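Take a look at the structure set out below.
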Amino acid sequence: MQKRKLGNSDLEVSALGLGCMGMSFSYGAPQDDNEMIALMHKAVDLGINFFDTAEVYGPWINEELVGKALSPIRDKVVIATKFGFNCVPNGAPGTQTLNSKPEHIKQVAEASLKRLNIDAIDLFYQHRVDPDVPIEEVAGAVKDLIAAGKVRHFGMSEAGAQTIRRAHAVQPVAALQSEYSLWWRKPELEIIPLLEELGIGLVAYSPLGKGFLTGAMSTDTTFASTDFRSKLPRFTPEAMAANQAFVDLLATIAKQKNATTAQIALAWLLAQKPWIVPIPGTTKLHRLEENVGAASVDLTADDLKQIETAAASIKPEGDRYPEAIEKMTGL
Ligand SMILES: NC(=O)c1ccc[n+]([C@@H]2O[C@H](COP(=O)([O-])OP(=O)(O)OC[C@H]3O[C@@H](n4cnc5c(N)ncnc54)[C@H](OP(=O)(O)O)[C@@H]3O)[C@@H](O)[C@H]2O)c1
């Protein structure tokens, strides 16, 4: 698989990464460890070298799983994790409180290194901006960790433009990880131009719209109460019925390109900027192979224009997050 550089940093990763969250968290019960380890190894065989986890996924068990899978092949992979919460055992998504105090960041880094069983974190993101801690102090703490050799690159997630600018002035930010896909395009307004100006890469999370944009769901799809999507306004039957227009559009292009709907959703992101790296998540081998295939789908200028024109007349239905969680983002 081709590699991409995250902005002006020297961090080069596969054009598609693998989001590991759903293996342990957010989308129902944790998956079998051995199967997930085999899946991560298969991803490496297929050319993926960029893996995404976070302290809060589980909490803790997802980092442990990623460490178990990847520490034996450390030299072949780039491991990204995240800090920024007071984690409590079994805390559901959206229930953990923010904490980016410098001393906490440093403690989390040490604990993440242990769980991941590695000597340095390749990319350490602030998961959400903490309004109680000036961002300069956060960037300063990560700068100290980089100087100590415990972290290689600084990242942020869902931060607003001014916060990114201020942090970048203290410690260059290699990548912003934010949601981006055909049905969530808010980063195009202010964030993507800023990243281009500052030379910061964009790691696109939920690039398949949490599974919806693949066409694998319908209004009959129900979610277990442990599945975070059961709490998201964008996944009510009414919203899914309205948002089916996005899936239909992607499916039309997929047919023309002899590709799948999921592949077009990812190829569209890859075509936006050469420094955008989507990190689709899956727990299934056949879907991993399918998603990897997206890196070989070339969308022409005409394809992109067709998508743009059709997408302009579709209005996404339903908020992506409940209000309290959306408030934690800087958009
Ligand atoms: N920074 C943040 O705040 C933040 C927030 C959310 C996520 N993330 C990161 O981003 C990663 C990806 O995001 P995400 O998991 O939310 O959403 P996503 O990648 O858009 O979608 C994942 C969902 O799609 C399904 N799926 C994957 N490939 C498929 C295919 N080819 N056909 C049909 N269904 C498919 C998966 O189910 P199966 O497992 O059954 O295949 C899973 O339910 C996460 O793993 C996490 O690392 C970060």
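Because the structure is predicted, anything quoted here is derived from the model rather than measured. Numbering of ligands and ligand atoms starts at 1, following listing order.
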For the pair [X] (side chain) and [Y] (backbone), establish whether a donor and an acceptor sit closer than 3.5 Å, ignoring hydrogens and angles.
X      : Y      : value
Asp32  : Glu35  : yes
Gln96  : Val88  : yes
Thr236 : Ala239 : yes

Quiz question: by atom type and distance under 3.5 Å, do the side chains of [X] and [Y] form a donor-acceptor pair?
X      : Y      : value
Glu63  : Thr81  : yes
Asp302 : Gln306 : no
Ser230 : Asp227 : no
Tyr57  : Lys82  : yes
Ser24  : Asn62  : yes

Report the part of [X] (side chain from C-beta onward, or backbone N, CA, C, O) that has a heavy atom under 4.0 Å from ligand 1; answer both or neither where that applies.
X      : value
Met21  : both
Met328 : neither
Thr260 : neither
Cys20  : backbone
Tyr57  : side chain
Glu179 : neither
Glu158 : neither
Ser157 : side chain

How far is [atom] from its nearest protein heavy atom, and which residue and atom is that?
atom                    : value
atom 12 (C) of ligand 1 : Ile279 O, 3.0 Å
atom 48 (C) of ligand 1 : Gln177 OE1, 2.9 Å
atom 40 (O) of ligand 1 : Lys284 NZ, 2.4 Å
atom 21 (O) of ligand 1 : Gly211 N, 3.3 Å
atom 31 (N) of ligand 1 : Asn291 OD1, 2.9 Å
atom 20 (O) of ligand 1 : Leu208 N, 2.7 Å
atom 41 (O) of ligand 1 : Thr282 OG1, 2.6 Å

So, is the end of the Arg128 side chain (NZ or CZ) under 6.0 Å from the ring centre of Phe85 and within 45° of the ring's axis?
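Pair Arg128/Phe85 does not count as cation-pi.
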Honestly, is Arg4 close enough over Trp275, meaning NZ or CZ under 6.0 Å from the six-membered ring centre and within 45° of the axis?
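The answer is no; the distance or angle limit is not met.
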Please determine which of Asp119, Asp122, Asn117 meets the side chain to side chain donor-acceptor pair (under 3.5 Å) test together with Arg74.
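Of the listed residues Asp119, Asp122, Asn117, the side chain to side chain donor-acceptor pair (under 3.5 Å) partner of Arg74 is Asp122.
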Which ligand 1 atoms does [X] reach within 4.0 Å, using its non-hydrogen atoms?
X      : answer
Pro280 : 19 (O)
Ala216 : 33 (C)
Thr283 : 38 (P), 39 (O), 40 (O), 41 (O)
Asp52  : 9 (C), 46 (C), 47 (O)
Thr214 : 29 (C), 30 (C), 32 (N), 33 (C), 34 (N), 35 (C)
Lys82  : 1 (N)

For [X], is at least one N or O under 3.5 Å away from an N or O on ligand 1?
X      : answer
Arg128 : yes
Arg229 : yes
Lys210 : yes
Ala262 : no

Which of the listed options, [options], holds the heavy atom that is closest to [atom]?
atom                    : options                       : value
atom 17 (O) of ligand 1 : Pro93, Gly155, Ser206         : Ser206
atom 29 (C) of ligand 1 : Gln31, Arg287, Glu290, Glu289 : Arg287
atom 16 (O) of ligand 1 : Phe25, Tyr27, Trp184, Tyr205  : Tyr27
atom 42 (C) of ligand 1 : Gly281, Gly84, Gly17          : Gly281

With a 4.0 Å cut-off on heavy atoms, is His127 in contact with ligand 1?
yes
Rounded to the nearest 0.5 Å, the CD atom of Gln171 sits from the CD atom of Glu136 at a distance of 13.0 Å
Out of Glu308, Glu179, Glu190, which residue meets the salt bridge (Lys or Arg N to Asp or Glu O under 4.0 Å) rule with Arg185?
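That would be Glu308.
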Do you reckon Tyr180 sits in the same ILVMFWY cluster as Ile200, going by side-chain contacts under 4.5 Å, direct or chained?
yes
Stepwise salt bridge (charged side-chain N to carboxylate O under 4.0 Å, His left out) test for Glu317 and Arg234
CA-CA 6 Å; Glu317 185 64 37; Arg234 202 161 270 202; over 6 Å; no
Residues two or more places apart in sequence or in another chain: which of them pass side chain to side chain donor-acceptor pair (under 3.5 Å) with Lys210?
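Result, side chain to side chain donor-acceptor pair (under 3.5 Å) vs Lys210: Ser206.
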Which is it for Tyr125 and Gln177 under the side chain to side chain donor-acceptor pair (under 3.5 Å) test, yes or no, and what are the steps along the way?
CA-CA 8 Å; Tyr125 297 101; Gln177 180 177 131; 3.3 Å; yes
